[in-house]
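What follows is a single structure, written as structure tokens, with notes after it.
Every number for a ligand or one of its atoms is a count from 1 in the order of the listing. This one's a predicted model, so the numbers in the text were calculated from it and none came from an experiment.
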Amino acid sequence: MHETPQTAPSPRLSPVTGENRPRLAVLTTGGTIAGRTSEDSRPGSYEAGVLSASDLLDSVPGLGNLADLELRPVFSLDSSSLTPEHWLELLRETLAAVRDPHLTGIVITHGTDSLEETALFLAAALSELAGARHSPVVLVGSMRPANAISAEGPANLLAAATLATHPAASGVMVVLNDSIFDPWSVTKAHTSRVDAFTGGERGLLGHVAAGRAVLYREGGHAELAAVLAKARAHAGRPLPQAVPARLGRVPLLTLHVGFDPGLLGVLGADADGLVLAGFGGGNLGAEALEAASALAATIPVVRGTRVSAGEVVENGLIDDDAAHFLILGDLSAVKARALLSWVLASD
Ligand code: ASP
């Protein structure tokens with residue numbers, strides 16, 4: 001990947017006035033950032049996605065100094081309940097905002113549970129429908145509900161708006177806990193801590209401090225475009241011209257000791273594609289390899305890994321050309337699933 005590092009910080013947070021005042025659309029989808037706990041809740045329990053979009057913005061001092069804000073509630077859900085239809089709805093709203101010449105950027109509030117999948121899905125879809133370097137789309141969530149002690153949602157939201165107004169920002173990004181991540185590598189790696197998200201071996205895209213966003217590098221736009229082109233060529237699917245009616249049905253199966261290879265045929269029978277999270281570097285074991293390779297003759301099959309870091313090497317231990325497997329490098333299995341469901345979308 002040959003991309004120019006973007007080290008320039010954004011201007012400090014101070015009221016911006018006049019014609020150059022940035023304008024942001026804030027799309028809200030629910031999650032803990034809009035969640036509330038009550039005194040009689042069980043410890044650790046709360047309801048996600050109950051705060052209205054305007055309550056959410058009112059909780060962030062200084063936000064109005066940064067930009068004019070357009071509130072656009074999309075849905076209000078715990079992100080573990082999202083369906084492919086929600087993704088398409090969010091894509092339609094985001095695409096309309098990206099194409100709006102009056103908007104500087106877009107902030108999307110989202111639950112953290114499936115945030116990394118939505119980020120990758122939107123990055124893939126927008127890269128093909130709006131071009132790799134479209135205006136910034138920043139996904140943001142929080143680990144603590146809005147009324148918890150030390151709730152970090154307001155600070156995260158302010159960081160997201162700061163990033164979305166950064167002059168060098170483009171494409172889909174994620175912000176939590178003052179850290180900026182790219183959609184390819186961002187991963188929820190802890191169930192409860194406020195520093196739950198990591199960029200793994202690829203590291204951070206940047207950080208936010210003292211009201212400024214600093215970007216260390218670009219967000220891997222070229223790499224994502226190349227991988228999408230590879231997946232499309234493998235699947236024989238042309239570029240979509242508009243938001244499709246439905247996403248491809250792509251189940252994800254994790255290999256484990258005692259895995260029943262018969263599952264491949266059962267799940268594959270009703271699927272448009274399949275992702276396998278194999279052992280180690282994408283190993284499947286002899287029987288599953290045979291069954292997966294038979295399936296790959298009929299639908300696209302990604303040979304991925306259940307390991308959290310490192311790539312699946314194409315045509316290494318396994319002859320992927322002969323087996324007709326699709327290899328997506330170090331993209332996680334859940335994100336490979338999201339990407340393939342986009343590539344296999346239809347009207
Ligand atoms: N269950 C919540 C959600 O993903 C978790 C969170 O937002 O932190 O909507």
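- Salt-bridge formation is detected for the pair Glu70/Arg23: a Lys NZ or Arg NE/NH1/NH2 atom is positioned less than 4.0 Å from an Asp or Glu carboxylate oxygen.
- Results of the side chain to side chain contact (heavy atoms under 4.5 Å, CB included) test with Phe325 over Asp320, Asp319, Val312 single out Asp320 as the only residue that passes.
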For ligand 1, list all ligand N or O to protein N or O distances below 3.5 Å, rounded to 0.1 Å.
{"unit_1": "ligand 1", "atom_1": "1 (N)", "unit_2": "Asp78", "atom_2": "OD1", "d": "3.0"}
{"unit_1": "ligand 1", "atom_1": "1 (N)", "unit_2": "Asp78", "atom_2": "OD2", "d": "2.9"}
{"unit_1": "ligand 1", "atom_1": "1 (N)", "unit_2": "Asp113", "atom_2": "OD2", "d": "2.7"}
{"unit_1": "ligand 1", "atom_1": "4 (O)", "unit_2": "Ser79", "atom_2": "OG", "d": "2.5"}
{"unit_1": "ligand 1", "atom_1": "4 (O)", "unit_2": "Thr112", "atom_2": "N", "d": "3.3"}
{"unit_1": "ligand 1", "atom_1": "4 (O)", "unit_2": "Asp113", "atom_2": "N", "d": "2.9"}
{"unit_1": "ligand 1", "atom_1": "4 (O)", "unit_2": "Asp113", "atom_2": "OD2", "d": "3.4"}
{"unit_1": "ligand 1", "atom_1": "7 (O)", "unit_2": "Thr32", "atom_2": "N", "d": "2.9"}
{"unit_1": "ligand 1", "atom_1": "7 (O)", "unit_2": "Thr32", "atom_2": "OG1", "d": "2.9"}
{"unit_1": "ligand 1", "atom_1": "7 (O)", "unit_2": "Thr112", "atom_2": "N", "d": "2.8"}
{"unit_1": "ligand 1", "atom_1": "8 (O)", "unit_2": "Thr32", "atom_2": "OG1", "d": "3.0"}
{"unit_1": "ligand 1", "atom_1": "8 (O)", "unit_2": "Thr112", "atom_2": "OG1", "d": "2.5"}
{"unit_1": "ligand 1", "atom_1": "8 (O)", "unit_2": "Ser142", "atom_2": "O", "d": "3.1"}
{"unit_1": "ligand 1", "atom_1": "9 (O)", "unit_2": "Asp78", "atom_2": "OD1", "d": "3.3"}
{"unit_1": "ligand 1", "atom_1": "9 (O)", "unit_2": "Ser79", "atom_2": "N", "d": "2.7"}

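- Pairs engaging residues 253-282 under the salt bridge (charged side-chain N to carboxylate O under 4.0 Å, His left out) rule: Arg246-Asp272, Arg249-Asp270, Arg249-Asp272 [sequence neighbours left out].
- With ring centers used as reference points, Phe279 lies 6.0 Å or more from His256.
- Among pairs with a residue in residues 44-79, those fulfilling ring pair (Phe, Tyr, Trp, His ring centres under 6.0 Å) read Phe75-His86, at least two apart in sequence or across chains.
- Under the side chain to side chain contact (heavy atoms under 4.5 Å, CB included) criterion, Ala189 pairs with Thr198, not counting sequence neighbours.
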